[in-house]
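In what follows, a single structure is set out as structure tokens and then discussed.
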Amino acid sequence: MMHGLTTSPAEADQESRDPGAIPPRWHRDLTREDVETAQGVLPMHHPTGSDPLRPVCASATHLILAQPWPCEQHRWARWVLDADERGEIT
């Protein structure tokens with residue numbers, strides 16, 4: 001989740017069914033700056049935890065509670081980079 005926004009139950013359900021789906025709050029076309037941001041975000045959000053079946057995100061940017069991995073930031077960054085690889089971002 002970006003900027004402290006929470007995911008509604010409906011959004012979480014949609015994300016679990018289609019993890020590659022466009023993020024629900026996306027409101028504009030992607031830019032080259034988004035690609036650069038995604039390249040910086042991706043390495044910061046990696047799995048950690050003692051339960052290999054339920055890893056959590058290791059990023060300290062989640063403030064108090066670690067999010068289940070892959071977290072929303074990781075999914076967003078991966079989605080942006082995948083779109084770039086497909087040539088969808090100019």
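- Residues His62 and Cys71 form a side-chain contact, since some pair of their non-hydrogen atoms from C-beta on lies under 4.5 Å apart.
- Of all the heavy atoms in Pro52 and Ser50, the pair that sits closest is CD-O, 3.3 Å.
- When all heavy atoms are compared, the tightest approach of Leu81 to Leu42 is CD1-CD2, 3.7 Å.
- Within a 6.0 Å sphere centred on CZ of Arg54, other residues, nucleotides and ligands contribute 12 heavy atoms or fewer.
- The shortest heavy-atom contact between Cys57 and Ala66 is O-CB, 3.6 Å.
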- Asp34 and Thr31: CA distance, side-chain angles, deciding distance, side chain to side chain donor-acceptor pair (under 3.5 Å) verdict: CA-CA 5 Å; Asp34 293 315; Thr31 67; 3.2 Å; yes
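- Residues Trp76 and Ile89 fall within the same hydrophobic cluster, defined by Ile, Leu, Val, Met, Phe, Trp and Tyr side chains chained together at heavy-atom separations under 4.5 Å.
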- Would His46 and His74 count as a ring-ring contact (aromatic ring centres under 6.0 Å, His included) if you check the C-alpha gap in whole Å, the side-chain angles of each, and the deciding distance to 0.1 Å? CA-CA 8 Å; His46 52 86; His74 185 276; 9.4 Å; no
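- One distance of note links OG1 of Thr90 with CZ of Arg32; it measures 8.0 Å at 0.5 Å rounding.
- Two residues are said to be in side-chain contact when any heavy atoms from C-beta on lie closer than 4.5 Å; Trp79 and Leu30 meet this criterion.
- Residue Met44 comes nearest to Thr61 through the heavy atom pair CE-CG2, 3.9 Å, listed as atom of the first residue, atom of the second, then distance.
- A salt bridge does not link Arg75 with Asp82: none of the charged nitrogens is closer than 4.0 Å to a carboxylate oxygen.
- Val80 places a side-chain heavy atom less than 4.5 Å from the side chain of Val35.
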